[in-house]
Amino acid sequence: MNEYDSEIMAGLLKDSGYHLADEMEVADVILLNTCYVREKVKHKVYSKLGELKKLKEKKPGLILGLCGCLVQKEPKETLRQAPYLDFILGTSNFFELPQVLREICGDNRGGGERGDQVAVPFMAQARKRRTQVVRVEEGRAVPENLPKLRKRKFGAFVPVIRGCDNFCSYCNVPYVRGREKSRSPKDILKEIEGLTHQGYKEVILLGQNVNSYGRGLEKKIDFADLLGLVNQIEGLSRIRFTTSHPKDLSDKLIKRMAELDKVCEHLHLPIQSGSNRILSRMNRGYTREEYKCLVDKVHQIIPQISFTTDIIVGFPGETEKDFEDTLDLVKEIGFDGAFTFCYSPLAGTKATEFKKRVSQEVSKERLRKLIEVQQGITLERNKPLIGQNLEVLVEGISKKSPYELEGRTRGNKIVIFKGKENLIGELISLRITEAGCWALRGEGELTI
Ligand code: SAH
Ligand code: SF4
């Protein structure tokens, strides 16, 4: 979601006459758009800002801005830590960026009309200015039809619902992103149609809990219905979505996933813990048995589904037995992959009031064990793919191997292969020749 918001900010600036600098040192404006899902983010942001402060001392005209979740949660603290910031913009204000820059530059034309050429002569104006702008409001809707400068050239992010009403006891999101708000199906379909005209073959529908899509909208619609509508869009080949909350994954949605040809056979279904006691303290709204049942049901209806998940270890009160329960369930289910985290206490969340904190050493050791177990499982899940011909959407030069390309299967597995760059963005068929933990290797290159 954060990346999508950054794409909007870049799009707004481009429409206002700015262009992307190749390096930070030559930029007139530097923005950090922060995500604040774990405490570590804060240290990273302040350390980066320390670096940028030095750059600003050398170059007084430089405009520094901080946006996103960290600012939304702690505006005062942010300004105390980094008083030299020229502006801060919360998650409900980020789209006011061009107007804010005009204010900073002492240009009082107001409005926020796109296409206003304010960037030049930028530095001259910037040296004169001294205003610090602070915009951190709550609950404002993000306008539709904002320009975007998409970073991803293959799969485009499309938010369908913003915010979250679930209040899991460890999580910042409800506080920094506000209440759930679904976009209208009309706006979503229009955005995706536009993307297909630009050549995008895949969309990734975004939401903290896509399964609650539609609540509060005038027209009666749920996420399964939305998938049906998106599936009809001509020129689109693949639909992915993230994240599904287990407590809201309906039978209708599972059935629809199986029926709709463009919906990929991959489900990211965060489990967080395998212990019922911890799940209840996390306020997740399901038990390990219910989760397991759900996974079995999906397997029955979509046998080739690949499952990924999120797991937190070291949650307050997590005993060795609770952790063993998580390990057992992870082995029983056999996830294709997992994002694993040490619990990070976040001020203002319910879990910080819980007693029996788990020490960092114990959490780290549990994380290490969990990763080791999961890596073995991922490898076992990948091995049977050897010899199969799989459809791959080519995403670009491989991050691991600069002379090769990489793409993704419908099951969301990365495949590395030798091929020409003109295949980037194409759907091809590859025969899988090797299976590793992080990626598969393939050959062939039949364009589909
Ligand atoms: N909406 C998604 C999760 C979004 S946050 C869902 O409900 O599944 C992404 C992941 O970050 C979470 O699934 C969780 O595993 C992790 N996470 C969130 N808050 C955390 C915290 N305080 N400490 C450690 N991990 C956390
Ligand atoms: Fe956070 Fe829970 Fe909402 Fe996910 S569902 S964003 S973990 S509160």
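Computed from a predicted structure; not experimentally measured. Whatever order the structure lists ligands and atoms in, that order sets their numbers, starting from 1.
- Scanning the protein heavy atoms around atom 5 (S) of ligand 1, the nearest turns out to be Val37 CG2, 3.6 Å.
- The part of Cys164 lying near ligand 2 is the side chain, judged by heavy-atom distances below 4.0 Å.
- Looking at Phe341 against ligand 1, only its side chain comes within 4.0 Å, counting heavy atoms.
- Using a 30° and 60° split on the angle between ring planes, Phe307 and Phe335 fall in the perpendicular class, above 60°.
- Heavy-atom proximity to His245, at under 4.0 Å, picks out these atoms of ligand 2: 5 (S).
- With salt bridges taken as basic N to acidic carboxylate O contacts below 4.0 Å, one links Lys383 and Glu380.
- Around atom 12 (C) of ligand 1, the closest heavy atom drawn from Asn166, Thr340, Asp310, Val210 belongs to Asp310.
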For this session: Assess whether salt bridge (charged side-chain N to carboxylate O under 4.0 Å, His left out) is satisfied between Lys321 and Glu324, documenting all intermediate values.
Result: CA-CA 5 Å; Lys321 163 82 177 57; Glu324 288 299 325; over 6 Å; no

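- Within the 4.0 Å heavy-atom criterion, the part of Ile312 lying near ligand 1 is the side chain and not the backbone.
- Here is the list of ligand 2 atoms found below 4.0 Å of a heavy atom in Arg284: 2 (Fe), 7 (S).
- We find that Glu191 and Arg183 are joined by a salt bridge, their nearest charged nitrogen and carboxylate oxygen being less than 4.0 Å apart.
- Under 4.0 Å is where a charged nitrogen must lie from a carboxylate oxygen, and between Glu318 and Arg281 no such pair does.
- Closest approach of Glu290 to Gly285, counting heavy atoms only: OE1-O, 4.4 Å.
- Given atom 19 (N) of ligand 1, the protein heavy atom at minimum distance is Tyr170 CD1, 3.3 Å.
- Some N or O of Ser344 is nearer than 3.5 Å to an N or O of ligand 1, by distance alone.
- Annotation: cation-pi pair Arg38/Phe341 present, NZ/CZ under 6.0 Å from the ring centroid and within 45° of its normal.
- Considering backbone and side-chain atoms alike, His245 places every N or O at 3.5 Å or more from each N or O of ligand 1.
- Classification of Arg150 and Glu3 as a salt-bridged pair fails, no side-chain N sitting under 4.0 Å from a carboxylate O.
- Here Cys171 reaches atom 1 (Fe) of ligand 2: one of its N/O/S atoms is less than 2.8 Å from the metal.
- Comment: Lys400 does not engage Glu406 in a salt bridge, judged by the lack of any side-chain N to carboxylate O separation of less than 4.0 angstrom.
- Every atom of ligand 1 is numbered from 1 in the order shown, and the set under 4.0 Å from a heavy atom of Leu346 is 22 (N).
- Each of the following atoms of ligand 1 lies closer than 4.0 Å to a heavy atom of Gln272: 8 (O), 12 (C), 13 (O), 14 (C), 15 (O).
- Remark: Lys369 does not engage Glu372 in a salt bridge, criterion side-chain N to carboxylate O under 4.0 Å.
- Enclosure of atom CD in Glu138 is not indicated, since only 12 or fewer non-hydrogen atoms of other residues, nucleotides or ligands lie within 6.0 angstrom.
- A salt bridge links Asp225 to Arg256: at least one charged side-chain nitrogen sits closer than 4.0 Å to a carboxylate oxygen.
- Atom CD of Gln388 is separated from atom CG of Leu430 by 12.5 Å, given to the nearest 0.5 angstrom.
- Contact atoms of ligand 2 toward Val173: 6 (S) (distance under 4.0 Å to a heavy atom of the residue).
- Looking at Cys342 against ligand 1, only its backbone comes within 4.0 Å, counting heavy atoms.
- Distance from atom 7 (O) of ligand 1 to its nearest protein heavy atom, with residue and atom name: Arg284 NH1, 3.2 Å.
- Nearest to atom 5 (S) of ligand 2 among the protein's heavy atoms is Asn166 ND2, 3.4 Å.
- Of the charged side-chain nitrogens involved, none lies within less than 4.0 Å of a carboxylate oxygen, so that Glu180 and Arg162 do not count as a salt-bridged pair.
- When the heavy atoms of Gln208, Glu39, Met1 are ranked by distance to atom 4 (C) of ligand 1, first place goes to Gln208.
- For atom 7 (S) of ligand 2, the closest non-hydrogen atom of the protein is Tyr170 OH, 3.4 Å.
- At a heavy-atom distance under 4.0 Å, only backbone atoms of Phe167 (N, CA, C or O) approach ligand 2.
- Ion pairing between a basic and an acidic side chain is recognised when a charged N comes within 4.0 Å of a carboxylate O; Arg80 and Glu77 show such pairing.
- In terms of protein heavy-atom proximity, atom 8 (O) of ligand 1 is nearest to Pro270 CG, 2.9 Å.
- With a heavy-atom cut-off of 4.0 Å, Pro174 touches ligand 2 through its side chain alone.
- Within ligand 2, counting atoms from 1 as listed, the ones closer than 4.0 Å to a heavy atom of Cys168 are 2 (Fe), 5 (S), 7 (S), 8 (S).
- Residue-to-ligand polar distances keep Tyr343 apart from ligand 1: every N/O pair is separated by 3.5 Å or more.
- Residue-ligand proximity: Val173 is placed with every non-hydrogen atom at 4.0 Å or more from ligand 1.
- Between Asn209 and ligand 1, no pair of N/O atoms sits closer than 3.5 Å.
- Listed by atom number, the atoms of ligand 2 under 4.0 Å from Gln208 heavy atoms are 6 (S).
- For atom 11 (O) of ligand 1, the nearest non-hydrogen atom of the protein is Arg38 NH1, 3.1 Å.
- Nearest heavy atoms, Leu66 versus Thr34: CD1-CG2, 3.8 Å.
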